[in-house]
Each structure stands twice: as C-alpha cells, then as structure tokens.
Amino acid sequence: MNPPPGDAGSSAAGPLPRPVHAGYALGSLATGAFGTVPGLLLLPYLTDTLGVAAGVAALLVLLPKAWDVLVNPVAGRISDRTRSRWGARRPYLLVAGLALAVLFAAIFAAPFGNGPGAAAYVALAFLATATAFAFFQVPYVAMPAELTDDYAERTRLMTWRIALLALAILVSGAVAPLVVTAGGNGVAGHRWMGLFVAVLIALGALGAFVGTRSAPTGTVGGSESTLRAQLAVAGANRPFRALLICFVVQSAGVATILAGVNYFAGQILRDEQGGSTLLFVCFVGPALLVMPLWSRVGARLGKRAALVAAALILAAGALALVAAPVLPPVAVYLVVAVIGVGYAGQQVFALAMLPDCIAYDTARTGRRQAGVFTGLWTAGETFGLALGPGIYGLVLQLCGYVSSDTGTAAAQSDTARLGVLLGFTVIPALLVAPPVLLLRHYTLTPALLAAATHDGRVDHGVELGDEAVDQHEKGTITS
C-alpha cells in the first residue's frame, strides 16, 4: 500500500454526489452492528450457553474495549501514512471490513464446546475482531475531512451516516436475538446469528468501499514522524480538545442509559417481556425521522449551538423520567422518544464538527493527520461507552441491587429500585448537560475555516491557528 506519494486527489469544494453520501453511509452497517450486538448478546452467550462464570465473562467482554483504546490511535497513524491508488482510507474499508465480518462469525463458532477452552477461544476471537474493527472504524471516521472541503456538506454527509447508523442499530439489535431463537438457541442459534451479523458487516464494508470509489481522496500532506509528535499536535488543537472531552463524557451518559434499559423496563415499568425492546426502539428510532430536521437546525443555528440544543433536550428528557413511577407507560415511552431526538442531534453534530477540527489542523500545520484525530476520537468514544455500564453497575451496587442466577430478576428493595431509576435518569443528565460548557472553547465557524485556509491555500504558519481562535473569541474575526 505504499506506492510513491502524489497519488491522492483533492477534496471536493462543493456538494458531493448522492451516491457518495449513500455509499459512505453504508459503512454504518458495519459499525452499528458491531457496536450493538456484542453488548447485547455476548455476555449472555458466555454465561448461559458456554457455562463461563459471570465474573470471568464480564472480564472477557471488557478487556477488548480496553485494547481498543490503545490500538485506535495506532490504526489512525498507520492509515495517515498509507499511500495507495485507492487513497489512504479506502483500502482499510475493504480489507479490515471483510476481516471484521469473518472474525465476528468466528466469535460464536464455538469449536471447543464449553468450559475454559471455549472461554479462551471467545476471548482471543473477540480481541482479534476488536482489532479489525479499529482498522475499519478509524479510517472510516477520518474520511469526511478528506471527501469534502465544504463546511455544510460535512453535516449532510454525517446526517446520512447517522440515519443509516440508527437503522443498523435497530436492525441488528432487534433481529439478532430473533435469529438465535429461530436457529434453536444454544450454540447452533448463536452460530446462525454470528453469520447473520457477519453478512451485515460485509455488506456495509463493501458498500462503503464501492460507494466512495468516485469520491476525492483528499490531499496527502506530510505527517509528524512519531506517534508522540502527532498526539502533541492533536493536543494543541483547542477546538478538538474541547469537542473530544465533551463527547467522551456525553458518550458515558448515553451508555449509562443503554445499560439501564433492561433494569428500567423490569423494575420501574414492570414489563420484563417487551418493555426493553420498546424502550430501545423509542430511543434509537427517532434518529430515522428527525435527521432532516436536525440538518436544517444546524444550517440555521450553526453546529455548536445545535449540539448544545440537542444535548439539553436529551438531558431534560432524562430528568423528566424521574417521574416514571407515577406516569402511564405511554407517557414514559413518549419521553424516551424525546430523549432519542436529542440523542440523534448530539451524535450528528459532534460527528459533523470533528472533520472541521481536522480541516482546521490541516490549515494550521499543512499536514494531513486525520487518522490521528479520529484514532483519539474513537478511543475516547470507546472509553466513554465502556464507562457508562460501569457507572450504572456502581449505582446499583451502592443501592443494594440483588443479583440472581435463575434467569429472572430477583425481588428488589425500594432503595435498589431507586438506584435503577436514578442510574437511568439523573446520572445520564448530569453526564450529558454540563459538558456543553466546554464548547465555549470550540469556535470553528465557516468564516474562520475559510480564513485559515485562505480559500483552499494552506497556511503553514501558526498565525492562523490557535491565535486565530483567540482573535475569534475576542471578536476580531467574525462569523
């Protein structure tokens, strides 16, 4: 993948063709499926099908997440330094995407039956799958900064992506358990489920690779010689720092909500059968309906203001659910749908602002290092998504939640049920709303980016870097 440099094209200045929007968005089939199904089915598969002790199973599920935090920045650096006739990112969509599909099916292949050998096999297969996912996800997230130079076009690109991501999450999260049941449950059912999700992942990877074949690959510039130097450059990008910290903390809040779905359905709504599924659909489903609306809001208010609005809607909805014990179920589901509206906006605008940070860095340094930024971004997101369930579990532990080995939740005290409620409502609100204050340091606007790049001509000095941000904050540069 290392032919002579100079093979990359330039980013598009105007709107991208619709096929490129759709093709890039198809990659979310892969990220949505892998981001949803293991968290939904892997732990029960280990404990209830392979006979692995719960504590060991939890460790096997969590360790690859920790590995992702380490490997994502490395994957970003490697993709930054890649030169090929397909560009720096697209080779990874194909190779890592297909590897991800095969390895995902392998997780549930169960060649060693049950017991310690089965547990070790799943651990190694899941670790390999997480590595393949890092090499697919990081280049994939880096691509928008190089597909287009247009500030608004990045938001449109992210709108397509998040809409399909929501669909992928709904399909994979709802259908995968049904495939297990249809396949006879047990090892056989999980094998069929692994194949089903592997097909979704492969379709997403191939769709993204083929769909972006006509898109510009971006200008390949020089990159810092060491990973440490690249991380230092990312840390010097103040808008990126503010956005990253905000997004990581908010991701922990979102993950806390998702971790509490089953507990909230069973202990608060008293609906252990269909309650969790309906809550999941109400939370994710609105993204399919409100993305065009959020796109218009972003065009009118700007990305930063729209992100703040979406986060506050999410937090306000979560706080309103404190009244869930006295509300009719229909009202609870409607409030969860409102939370889903806020979640959709929070996701799309954070992801639309990330390429702007990357473009700003390119203008500031004259170097193309999108992979470093997206590697840090995905590592931070992984950390936040892993932190959420830990926070929720700690709340349950402190409130005296009683575990069960019967497959049915044990009777809980009022204090434990209060912990279930607070972990699903107040804690996420506290993790989602306050971080928007950090966005005071995010001052990238179309005017500032245009000034920094001199209408496409990169300024290699620093006078249009953080100094320009300082001038913008003081009103010297207006938007």
Side-chain angles (χ1 to χ4, degrees), residues 11 72-73 76-77 79-80 88-89 137-158 161-162 218-219 221 223-224 230-251 298 302-308 311 346-381 384 435-436 438-453 456 458-459 462 464-473 477 479:
S11 301
N72 280 4
R77 183 190 179 208
S79 73
D80 272 346
R89 317 296 177 189
Q137 183 193 32
V138 174
Y140 176 69
V141 176
M143 287 182 72
E146 296 156 2
L147 290 177
T148 177
D149 288 329
D150 189 287
Y151 181 87
E153 184 65 11
R154 294 187 190 117
T155 300
R156 287 189 287 270
L157 196 61
M158 288 302 103
R161 177 193 165 191
I162 298 300
T219 301
S223 62
E224 301 291 348
Q230 289 181 322
L231 295 178
V233 168
N237 188 321
R238 183 163 53 183
F240 175 76
R241 288 201 314 266
L243 182 63
L244 176 64
I245 296 172
C246 176
F247 186 71
V248 169
V249 178
Q250 289 182 340
S251 294
K303 299 178 189 180
R304 182 179 69 170
L307 174 57
V308 171
Q346 182 263 342
Q347 290 288 303
V348 72
F349 289 114
L351 290 172
M353 291 158 72
L354 173 60
D356 295 335
C357 293
I358 296 171
Y360 163 66
D361 179 76
T362 300
R364 189 171 68 92
T365 66
R367 300 171 186 265
R368 180 192 60 80
Q369 307 178 101
V372 171
F373 287 91
T374 55
L376 287 172
W377 181 271
T378 54
E381 182 182 21
V436 300
L438 295 170
L439 296 178
R440 293 176 300 172
H441 300 295
Y442 183 94
T443 54
L444 296 184
T445 64
L448 180 57
L449 286 172
T453 59
V458 173
D459 188 325
V462 297
L464 288 173
D466 282 344
E467 181 178 324
V469 174
D470 291 334
Q471 293 172 352
H472 180 76
E473 290 175 343
I477 299 177
S479 58

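We count residues from 1, following the sequence as given.
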J.: What is the distance from atom CZ of R238 to atom NE2 of H441, rounded to the nearest 0.5 Å?
T.: 7.0 Å

J.: Nearest heavy-atom pair of L438 and A242: which atoms, and what distance?
T.: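 In terms of heavy atoms, the two residues are closest at O-CB, 3.4 Å.
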
J.: With rounding to the nearest 0.5 angstrom, report the CG to CH2 distance, L351 to W377.
T.: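 The distance works out to 6.0 Å.
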
J.: side-chain hydrogen bond (donor to acceptor under 3.5 Å, both in side chains) with Q346: which residues, sequence neighbours excluded?
T.: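 Listed in chain order: Q250.
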
J.: Output all residues satisfying ring-ring contact (aromatic ring centres under 6.0 Å, His included) with Y140, sequence neighbours left out; order by chain, then residue number.
T.: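 Counting only residues at least two positions away or on another chain, Y140 forms a ring-ring contact (aromatic ring centres under 6.0 Å, His included) with Y24, F136.
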
J.: Tell me which one of T443, L444, D356 satisfies side-chain contact (heavy atoms from CB on, under 4.5 Å) with R304.
T.: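 Exactly one candidate clears the test, T443.
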
J.: What distance separates L354 CG from F373 CZ, expressed to the nearest 0.5 Å?
T.: 9.0 Å

J.: Nearest heavy-atom pair of L307 and M353: which atoms, and what distance?
T.: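 The answer is CD2-SD, 3.8 Å.
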
J.: Can you name the nearest heavy-atom pair linking F247 to A350, along with the distance?
T.: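 Smallest interatomic distance, heavy atoms only, reads CD1-CB, 3.5 Å.
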
J.: Heavy atoms only: give me the nearest G298-A306 pair and the separation to one decimal.
T.: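 Nearest pair, atom of G298 first, then A306: CA-CB, 4.1 Å.
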
J.: Could you give the distance from CD1 (I245) to CZ (F240), rounded to the nearest 0.5 Å?
T.: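 Nearest 0.5 Å value for the CD1-CZ distance: 9.5 Å.
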
J.: Nearest 0.5 Å, please: how far is CG in L244 from CG in N237?
T.: 10.5 Å

